[in-house]
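First comes the structure, then the notes that go with it.
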Amino acid sequence: MKLRLSVIGTGYLGVTHAACMSSLGFEVVGVDNDESKIAKLKSGTLPFYEPGLEIFLRDQLATGRLTFSTQYSALSEADVHFLCVGTPQMESSLAADMRFVESAIKELANFVKAGALIVGKSTVPVGTAQKLQTLLASSACEAEIAWNPEFLREGFAIEDTLRPTRLVVGVTSDRAEQILREVYAQLLEIGTPWIRADLPTSELVKVAANSFLATKISFINAMAEVCEAAGGDVTVLANAIGYDPRIGHKFLQAGIGFGGGCLPKDIRAFMARAHELGANQALEFLREIDAINLRARQRVIDVVRNFLGEELKGRHISILGAAFKPESDDVRDSPALDIAAQLHAAGAVVKVHDPKAIANAQARFPNLEFSNAVADCLLESDCVLHLTEWREYRELDPGELLKLVRNPLIIDGRNCLDSKLWQEAGWKLHALGRTNP
Ligand code: UGA
């Protein structure tokens, strides 16, 4: 008989995983204690924006294989449980907040059947899986723990789940590996690399991957700082070093740095965990990666002050982009909104536009002004900041926009605009890390 699956936690990761597993032919129940989220999902409405996922979700609901519930009792028949709850940063420290993982495991223990496999997908401090296995044993629950980290990117969630770069499974038995091979059989058939690891290594793979990506971004942003000081151009530098296949072109886009619900909190939680393990020196460099990243936001504000003067009170600043990256409505630790809030705090009149993230941005920063149209956002502007590289911003007509603003000055915080096009239309364009863009 085909395995029955459950997914606990219905955020980006959980909903995507549940819908994708259903598309592979499994019966899947998604469980979350957030009633409004579950009500939306049941009716085929996605509680967040992810390209293509809402239609995909509806298709899967229509097959009857995918269901959602607020009750843990709904997952009692499942053979494999995927743990997809969030592990955000604690408010009081750099460490990850493990409350959701712990409460999910306690609830699960009441309902899982003997022999079930609990597969963690959440990003957790190394050692968590072993701790959870001990916890389950002490509550006389005969389920086994495995860890199967997730590498999906927001904006590419379905693609990354059904055609992943690799599958990493942390297991303590051949049986657990066999069950996971059965779940992912179709992905193995298309040649997805399969890596069996022990529990701690599988947990570490995820934070190591995100730390490497964060390091790549901060590396190029550090080069941007040096290029600015030396009169160079970081985009040319990135292109040139990227041709070395050992370096590669990806994740070398200099600008205002990384944000979101993963990279920033993952490197901090990794440092906190290494400290507990007595390996803090090994990850000292991540402190610098974090500092370079936050400095990129400050550098934009310095550039604005260089152009408009120290006093920003009453100056009109238009911000293009609120999401932490394009093709997402996620504003968690968004560099764009951080910059917007700092300029607002300095007395500037800040207006923010975003194609998808305005509702989320407004909920987090109710004091900022938002526009639904780029033209409205730019009206009477003294300075435009391009902070999230949505495609529609690259397709803007700089000549048309010139008529709206008070001062034709644009700062490209993502190095994505066609500088010649803007300059020829009469704009002064400044780009991070480029002396003569
Ligand atoms: C990241 C990882 O890329 C995924 O592999 C991982 O599964 C996920 O975190 C997670 O832990 O769940 P995501 O947060 O969706 O995915 O976003 P990324 O595409 O990695 O971008 C992160 C940030 O880096 C964005 O703010 C983006 O604008 C910035 N970035 C990215 C740059 O500033 N420069 C670049 O060259 C690339």
Side-chain angles (χ1 to χ4, degrees), residues 9 11-17 48-51 53 84-89 96 120-124 148-161 164-168 203 205-224 234-235 237-239 241-242 247-270 289-290 292-297 299-300 321-339 354 357 386-390 393 412-416 432-433:
Y12 278 100
L13 170 57
V15 174
T16 307
H17 194 66
F48 51 84
Y49 174 70
E50 171 64 33
L53 188 56
C84 296
V85 296
T87 51
Q89 186 180 333
K121 289 192 83 65
S122 310
T123 304
V124 292
N148 168 218
E150 181 56 58
F151 305 104
L152 75 79
R153 299 159 297 168
E154 291 183 18
F156 301 89
I158 304 174
E159 166 81 12
D160 284 354
T161 306
T165 46
R166 73 287 206 192
L167 285 160
V168 177
E203 294 165 318
V205 168
K206 173 60 188 270
V207 280
N210 275 2
S211 297
F212 195 87
L213 294 172
T215 301
K216 250 190 137 176
I217 299 168
S218 277
F219 173 83
I220 204 63
N221 284 336
M223 293 305 111
V234 73
T235 58
L237 181 144
N239 188 31
I241 63 173
I247 297 174
H249 282 111
K250 293 192 176 139
F251 268 64
L252 286 182
Q253 189 73 32
I256 58 169
F258 57 84
C262 303
L263 263 44
K265 68 106 176 150
D266 284 355
I267 61 168
R268 292 172 194 152
F270 198 15
I289 298 305
D290 202 6
I292 295 168
N293 192 49
L294 296 177
R295 203 155 65 223
R297 302 175 187 188
R299 281 168 45 226
V300 173
F324 85 103
K325 69 173 193 180
E327 297 304 328
S328 168
D329 66 353
D330 195 343
V331 298
R332 286 176 293 171
D333 203 347
S334 161
L337 281 179
D338 190 1
I339 291 166
D354 192 280
H386 172 245
L387 301 185
T388 311
E389 67 277 34
W390 286 95
Y393 298 148
D412 186 0
R414 291 294 186 180
N415 278 312
C416 273
L432 291 189

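Note: hydrogens, waters and symmetry copies are ignored here, and every other heavy atom, side chains too, is used. Order of listing sets the numbers, starting from 1, for every ligand and every atom in it. None of the values given here were measured: they were computed from a predicted structure.
Ring geometry for Trp390 against Tyr49 counts as tilted: the plane angle lies between 30° and 60°, on a 0 to 90° scale.
For ligand 1, the protein residues within 4.0 angstrom (heavy atoms only) are Glu150, Phe151, Leu152, Arg153, Glu154, Lys206, Asn210, Leu213, Ile217, Phe251, Leu252, Gln253, Gly257, Phe258, Gly259, Cys262, Leu263, Asp266, Phe324, Lys325, Arg414.
Residues Ile289 and Phe258 have side chains in contact (heavy-atom distance under 4.5 Å, counting atoms from C-beta outward). The shortest distance between side-chain heavy atoms of Ile267 and Val207 does not fall below 4.5 Å. Counting heavy atoms from C-beta outward, Asn210 and Cys262 have side chains that approach closer than 4.5 Å.
The salt bridge (charged side-chain N to carboxylate O under 4.0 Å, His left out) search around Asp412 returns none, not counting sequence neighbours.
If you take CZ on Arg332 and CD on Gln89, they are separated by 12.5 Å, rounding to the nearest 0.5 Å.
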